[in-house]
Amino acid sequence: MVLVRLLGWLLVAGSVLMVSADIVLALSPHAYSSIANRDIWTLLAGSPPTFGLNGMTPADSWTAMDTLARMGAAIMNWPAWTVMGPLGIALILGARNRGHHHHHHHHRPPSRFDSP
């Protein structure tokens with residue numbers, strides 16, 4: 001569980017860095033191009049994601065693609081931090097220590113205004 005939480009924190013930290021890089025790119029005088037999920041995929045996997053499209057763009061083959069492939073292709077065009085950040089938060093929250101919490105309720109003494 002500790003490793004899962006650590007991975008979650010690394011993903012959150014990476015997404016914060018990507019947001020910072022996107023802001024710097026957006027404020028630069030050059031053409032703005034966000035760091036997309038497909039860029040991260042290509043860096044890690046060594047080849048761009050295809051989702052069975054064989055090089056076709058989603059717009060070329062909406063009828064041929066099933067829903068999951070369509071969603072995957074669309075998500076790959078999103079900025080990378082939009083997937084990594086929520087995924088990291090989900091890992092952090094999902095792997096948190098849910099030990100036995102003993103809640104001690106302190107009861108106030110009865111008041112004369114309490115109904116019997």
Side-chain angles (χ1 to χ4, degrees):
M1 285 299 204
V2 173
L3 292 177
V4 174
R5 291 185 75 194
L6 180 63
L7 177 63
W9 280 111
L10 289 174
L11 287 174
V12 169
S15 66
V16 169
L17 286 174
M18 283 184 231
V19 167
S20 303
D22 273 354
I23 292 171
V24 170
L25 288 172
L27 295 176
S28 72
H30 305 291
Y32 171 62
S33 175
S34 177
I35 303 168
N37 286 307
R38 71 176 168 278
D39 301 329
I40 302 300
W41 180 285
T42 303
L43 282 172
L44 295 177
S47 62
T50 59
F51 295 99
L53 300 178
N54 298 324
M56 294 186 295
T57 63
D60 293 335
S61 59
W62 279 111
T63 56
M65 293 168 43
D66 66 350
T67 304
L68 288 176
R70 237 181 296 154
M71 287 172 39
I75 289 171
M76 284 297 152
N77 291 324
W78 294 358
W81 59 267
T82 60
V83 172
M84 287 182 63
L87 180 62
I89 291 169
L91 289 176
I92 292 167
L93 293 177
R96 69 177 186 247
N97 186 7
R98 292 194 191 119
H100 298 290
H101 298 289
H102 298 289
H103 297 289
H104 298 287
H105 297 288
H106 297 286
H107 296 288
R108 62 178 176 78
S111 168
R112 63 182 173 162
F113 300 109
D114 288 342
S115 58

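Only a predicted model underlies this, so the values are computations on that prediction, with no experimental measurement involved.
- Side-chain heavy atoms closer than 4.5 Å link hydrophobic residues (I, L, V, M, F, W, Y) into clusters, and following such links, possibly through other members, connects Leu27 to Ile35.
- Nearest heavy-atom pair across Arg38 and Asn77 is NH1-OD1, 2.5 Å.
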Residues 11-20, side-chain donor-acceptor partners within the protein, below 3.5 Å, at least two apart:
from, atom 1, to, atom 2, distance (Å)
Ser15, OG, Leu11, O, 3.4
Ser15, OG, Val12, O, 2.7
Ser20, OG, Val16, O, 3.0

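- Shown here are the side chain to side chain donor-acceptor pair (under 3.5 Å) partners of Asp22, two or more places apart in sequence or in another chain: Ser34, Trp81.
- There is no path of hydrophobic side-chain contacts, each under 4.5 Å, that joins Val83 to Leu44.
- The minimum heavy-atom distance linking Ile40 with Ala80 is given by the pair CG1-CB, 3.7 Å.
- Smallest separation of non-hydrogen atoms from Asn37 and Ile75: ND2-O, 2.8 Å.
- When all heavy atoms are compared, the tightest approach of Thr42 to Pro48 is OG1-CA, 3.4 Å.
- One hydrophobic cluster, built from ILVMFWY side chains closer than 4.5 Å, holds both Ile23 and Met84.
- Atoms CE and CG, on Met1 and Leu91 in that order, are 10.5 Å from each other to the nearest 0.5 Å.
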